[in-house]
Amino acid sequence: MDATLGLEIIEVVEQAAIASAKWMGKGEKDTADEVAVEAMRERMNKIYMRGRIVIGEGERDDAPMLYIGEEVGICTQADAKTYCNPDELVEIDIAVDPCEGTNLVAYGQNGSMAVLAISEKGGLFAAPDFYMKKLAAPPAAKNHVDINKSATENLKIISDCLDRSIEELVVVVMDRSRHKDLIAEIRAAGARVRLISDGDVSAAISCAFAGTSIHALMGIGAAPEGVISAAAMRCLGGHFQGQLIYDPAIVKTGLIGESKESNLARLEEMGITDPDRVYNAEELACGETVLFAACGITPGTLMEGVRFFHGGARTQSLVISSQSKSARFVDTIHLSEAPKYLQLK
Ligand SMILES: O=C(COP(=O)(O)O)[C@@H](O)[C@H](O)[C@H](O)[C@H](O)COP(=O)(O)O
Ligand SMILES: [Mn+2]
Ligand SMILES: [Mn+2]
């Protein structure tokens, strides 16, 4: 995969984050999402690549989407034949969440970001728009913790691997009624719980970085977000496991189809023969090369949010590459018109 792609995708997430941040606090989640989608699409279509969206969003709540199967990259443009030879280009698959945490943006809360993951064709698990039970943990606990073990057992393992007491550990859990028993168990084990209303991609990836005060993500979130999280965790050497949840009775939101039976039929149609399989990061993002990019929309654990100033904006992004084995934090000043000053922080 072309190494310059790693630089271009920074601009893709930056443009999506800036567009969405203009709608921060306006209470309009669909607009905050829609403008991020459009900005992402516009910038992606300027990249000399042959891309295909394998994970978009929208099915779940009719959000505007970069739809699954959509071709992106300059070679897909109407007049492309004059300057593009698609046969020269590697086909790549792209998973996007242009506005991860639409509610967070709409209500001016922390933790939203524009995010995507890229790999060669077939390198990312084309997850259905279902839910996923997730377990993320620091690199030191990789392959020691297990999603099939209880939260109590996993906390003991993380505590041993990090050489810290269970009382010092913080577990992020989405604040949903389906997690009532899980939250009680984590607290009973002695660990502390950070409840989040949205944004479990950021929580999963934060487990890989010491100093974030996040030592695990447990519970059920969306499956597409699980694949994106797995792409980053694979590159970072963190632990990530995901198991599809197809039974609406477990999720309790009723947003994943009518019945367990119809969901199972849908999975079979998609070629998923073992619906209960537990996937690890290397299986969810199995490509030889994996790239991940995110840009903060509102302030978060890993990145600052977009800061506007007269004539421009400042962004902070994170680009992770399995190719260059790097996690790069990128701080960018964007100038839109003659600025009165440049914002330093
Ligand atoms: O918080 C999230 C919302 O993502 P988005 O729709 O892109 O703004 C994600 O991080 C979660 O993984 C997930 O979408 C959420 O858990 C869906 O569950 P629920 O709200 O309980 O239906
Ligand atoms: Mn999302
Ligand atoms: Mn989203």
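As the structure lists them, so they are numbered: ligands from 1, and atoms in each ligand from 1.
The Mn ion (ligand 2) lies closest to atom OE1 when only the N/O/S atoms of E100 are considered. When you scan the N, O or S atoms of E225 for the one nearest the Mn ion (ligand 2), you land on OE2.
Minimum heavy-atom separation, L116 to V12: CD2-CG1, 3.6 Å. Smallest separation of non-hydrogen atoms from F309 and H334: CZ-O, 4.2 Å.
Close N/O approach between G199 and ligand 1 is found [any backbone or side-chain N/O within under 3.5 Å]. Between D198 and ligand 1, at least one N/O pair is under 3.5 Å apart. Considering both main-chain and side-chain atoms, N103 never comes within under 3.5 Å of ligand 1 through any nitrogen or oxygen pair. Between A222 and ligand 1, a contact under 3.5 Å exists for at least one N or O pair. Any N or O atom pair closer than 3.5 Å counts here, and I220 shares no such pair with ligand 1. Looking at M174 next to ligand 1, no N or O pair under 3.5 Å apart turns up.
The closest non-hydrogen atom to atom 11 (C) of ligand 1, taken over D97, D200, V201, comes from D200. Nearest residue to atom 10 (O) of ligand 1 from K29, K134, M132, E100 is E100 (criterion: closest heavy atom).
Note on D198: not counted as a metal contact of the Mn ion (ligand 2), no N/O/S atom lying under 2.8 Å. For residue D33, no N/O/S atom approaches the Mn ion (ligand 3) to within less than 2.8 Å.
Taking every non-hydrogen atom of G221 and a distance limit under 4.0 Å, the qualifying atoms of ligand 1 come out as 12 (O), 16 (O). Residue G101 approaches ligand 1 through these ligand atoms, each under 4.0 Å from one of its heavy atoms: 4 (O), 5 (P), 7 (O), 8 (O).
With a 4.0 Å cut-off on non-hydrogen atoms, L104 does not touch ligand 1 at all. Looking at C99 against ligand 1, only its backbone comes within 4.0 Å, counting heavy atoms.
In summary, R314 and E304 do not engage in a salt bridge, as defined by a charged side-chain N under 4.0 Å from a carboxylate O. Using a 4.0 Å cut-off between charged nitrogen and carboxylate oxygen, E153 and K156 do not count as a salt-bridge pair.
Remark: Y131 OH to I245 CD1 distance equals 11.0 Å, nearest 0.5 Å.
The backbone N or O of E100 lies less than 3.5 Å from no partner atom in the side chain of S112, so there is not a single donor-acceptor pair. N154 places a side-chain N or O within donor-acceptor distance of the main-chain N or O of D146, the cut-off being under 3.5 Å.
Checked by atom type, the side-chain pair Q109/T298 shows no donor-acceptor distance below 3.5 Å.
Contact between R178 and ligand 1 is present, with at least one heavy atom of the residue lying under 4.0 Å from the ligand.
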Would you give me the side-chain donor-acceptor pairs under 3.5 Å for residues 17-28, sequence neighbours excluded?
from	atom 1	to	atom 2	distance (Å)
S20	OG	A32	O	2.9
E28	OE1	T31	OG1	3.1

Which atom pairs, one a donor and one an acceptor, fall under 3.5 Å between side chains of residues 195-210 and the rest of the protein, sequence neighbours left out?
from	atom 1	to	atom 2	distance (Å)
D200	OD1	K134	NZ	3.3
D200	OD2	K134	NZ	2.8
S206	OG	S202	O	2.7

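M113 places none of its side-chain heavy atoms less than 4.5 Å from the side chain of L318.
If you put the vertex on the Mn ion (ligand 3), O of C99 and OD1 of D97 sit 90° apart, to the nearest 10°.
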